[in-house]
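Following: one structure in structure tokens, then a few remarks.
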Amino acid sequence: MRKDRPRASGAIPDASMSDIAFLLLIFFLVTTTFEVQKGISYQLPKKPDEQTEEVVIDETNRLVMTVKQWGLGSYVALIDQAPPGGPLQRARAGEDVSLEDPTLQQGIMTLASERAEPMSATANRLLSNLEVAKGVPSGTYSSLSSAVQAENLTAIVRSGLIREAMGSTVPVVVDPIFGEVAFGDTLVLADARQGDIASAVRESELVVILKFFPDCDYEGMIAALDVIRRNGVSRTGITIQERLGGGV
Amino acid sequence: MKFKRRMTVSGNIFTGTMADIVFLLLVFFMATTIFKDDSGLRIRFPQAHPQVMSELGKENLTVAVWLKQLTPGDDQTEVVSRIGDYDLPLDQVAEQLKRLADKFWREQNKRLDVIVLNADTRVPMEAMVTLFSDLRYEELYSIQFNAQELGSGI
């Protein structure tokens, strides 16, 4: 009688290999992230040289605040100078307000919106951005309307945060090319093929000077910039407030 | 009666090539995975609202500068900075950036667009403003303060 000895099989069960393959695939699909760096962009003022004098901003367009550290992660502002007759006044000693204070922020937004730049300034900036984007020397186009005609561009207005924040009280101008443009809106020139080519934001002529105590944390500068940018200010100056009374 | 057994269709999928597929996928991911550039200093980023932040387009040529105090929070310790793989004291940063900008212009005919500042939250403003005036002196005006979105992160 022949009896088949059960032979131990040498094969590794490979039935689950596809499961493992798919699990690994799904794991990598789900966990792969592309890190994007975001931040607050800032233009430093041009270096003062012999020809250019330091431009003194008129007091009606100037808001000066001293920012100091109140504690870990909290910062307060003291208003040194404010446009006369506006919602914000020079603070008396000890009248620090938190940067998050709604009255302060509302005051800044009001001051900024009252000083919204004229459309001509925004249009000029848009025109030079267009010239840079197209790689042509400045002065190629005589005006924005001729540029739009010549390059066959579409003029678009993108609503800004200020329009949402202020609602119907936002200052608006009507432009022949763009239509209704509110303070804080972005003007965009687009091409049918390439999409957006050049843009410019209708900014405020208000200048906010931030003076920081030397030992104030950098976080305070970001917090202050955040607050004023959200409330429509684009022109800022950053300096150090020298400590009163001397010291090291 | 003996029924003739019908030929049954084998239900087995041929699994012999599965190992090949797994290895192919493995090699593909090994070749394409890019690790995040972790050469910066370990800093705590400040936070800001997403509305005031912007992304830099890939067409911009940028250099990232990392700044922190040797002992964060201790204003007596000096501020160190890192550009690429090199550590330098704060007062040499602007000079080094100017050299890099000139190098880019000479060798690649590209202008340095933006200097990205990754500074720890506790760096004192005195140091930052000194850096700003150094940058102005070197005619480097366009900077970006990198920040985390409010409410995210550690």
Side-chain angles (χ1 to χ4, degrees), chain A residues 12-22 24-25 27-29 32-49 67-69 72-73 160-161 164-165 210-231 238-242, chain B residues 13 15-16 18-19 21-26 29 32-34 36-37 44-56 62 64 67 73 75 114-130 132-133 135-150:
Chain A
I12 306 166
D14 53 4
S16 56
M17 238 196 284
S18 59
D19 293 331
I20 295 168
F22 281 118
L24 278 172
L25 184 63
F27 172 77
F28 280 110
L29 277 172
T32 302
T33 53
F34 298 99
E35 189 90 1
V36 174
Q37 293 214 310
K38 294 177 84 160
I40 302 176
S41 60
Y42 192 80
Q43 283 291 122
L44 289 167
K46 295 271 187 284
K47 167 170 119 181
D49 52 8
V67 179
K68 64 182 182 204
Q69 188 150 12
L72 203 60
L161 304 157
E164 286 168 35
L210 297 169
K211 295 162 93 170
F212 293 90
F213 272 47
D215 58 358
C216 176
D217 284 352
Y218 166 70
E219 188 183 32
M221 187 194 88
I222 298 295
L225 274 180
D226 186 11
V227 163
I228 66 178
R229 291 268 172 107
R230 269 187 294 139
N231 290 288
I238 294 178
T239 59
I240 291 292
Q241 164 75 56
E242 295 306 329
Chain B
I13 306 168
T15 54
M18 239 194 287
I21 295 168
V22 170
F23 283 118
L24 267 168
L25 278 172
L26 186 63
F29 279 111
T32 58
T33 300
I34 304 163
K36 191 173 71 142
D37 182 29
R44 197 172 72 192
F45 280 101
Q47 296 194 328
H49 286 81
Q51 308 101 293
V52 300
M53 297 206 278
S54 51
E55 266 172 51
L56 284 169
T62 66
L67 302 158
D75 283 4
V114 185
I115 292 165
V116 174
L117 296 176
N118 296 300
D120 184 63
T121 52
R122 287 154 291 193
V123 172
M125 275 310 291
E126 192 169 28
M128 294 304 293
V129 172
T130 312
F132 297 157
S133 38
L135 288 172
R136 279 178 75 190
Y137 183 77
E138 299 289 356
E139 296 177 356
L140 298 162
Y141 303 115
S142 190
I143 58 184
Q144 173 159 303
F145 303 116
N146 271 4
Q148 279 175 347
E149 291 197 7
L150 210 64

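No experiment lies behind these values; they were computed from the predicted model shown. Below, chains carry the letters A, B, ... as their sequence lines are ordered, and counting in each starts from 1.
For B:V116, the part lying under 4.5 angstrom from a heavy atom of chain A is the side chain only. With a 4.5 angstrom heavy-atom cutoff, A:Y42 touches chain B via backbone and side-chain atoms both. B:F29 touches chain A through its side chain: at least one heavy atom from C-beta onward sits under 4.5 Å away, while N, CA, C and O do not. If you measure heavy-atom distances from A:L225 to chain B, the contacts under 4.5 Å come from the side chain alone. Interface residue B:M128: only side-chain heavy atoms are found under 4.5 Å from chain A. In this structure, no portion of B:A64 lies under 4.5 Å from any heavy atom of chain A. For chain B, the nearby part of A:I222 is the side chain; its heavy atoms alone come within less than 4.5 Å.
Residues B:S142 and A:Q43 come closest through the heavy atom pair OG-OE1, 3.0 Å. Closest non-hydrogen pair, A:L44 versus B:R136, comes out as CB-CG, 3.9 Å. Nearest approach of A:M17 to B:V22, heavy atoms of both residues: O-CG2, 4.1 Å. Taking both residues in full, the closest heavy atoms of A:K47 and B:E139 are given as NZ-OE2, 3.5 Å, listed atom of the first, atom of the second, then distance.
Residue with the most contacts toward chain A among B:P124, B:S54, B:A147: B:S54 (heavy-atom pairs, distance under 4.5 Å). Each of A:R229, A:E219, A:K38 has some count of heavy-atom pairs under 4.5 Å with chain B, and the biggest count is that of A:K38. Counting heavy-atom pairs closer than 4.5 Å to chain B, the top-ranked of the candidates A:C216, A:G220, A:A21, A:A15 is A:C216. Among B:T15, B:N118, B:I21, B:L140, the residue with the largest count of heavy-atom pairs under 4.5 Å with chain A is B:T15. Counting heavy-atom pairs closer than 4.5 Å to chain B, the top residue among A:I240, A:L72, A:V67 is A:I240. Ranked by heavy-atom pairs shorter than 4.5 Å toward chain A, the options B:V123, B:L26, B:D120, B:I143 are led by B:I143.
For the atom pair CG of A:D226 and CD of B:Q51, the computed distance is 7.5 Å after rounding to the nearest 0.5 Å. Atom CZ of residue A:F28 and atom OG1 of residue B:T32 lie 9.5 Å apart, to the nearest 0.5 angstrom.
Results of the side chain to side chain contact (heavy atoms under 4.5 Å, CB included) test with B:M125 over A:I238, A:D217, A:T239 single out A:I238 as the only residue that passes.
For the pair A:F212 and B:V129, the minimum side-chain heavy-atom distance is 4.5 Å or more. Side-chain contact between A:L24 and B:L25 is absent, with no heavy-atom pair separated by less than 4.5 Å.
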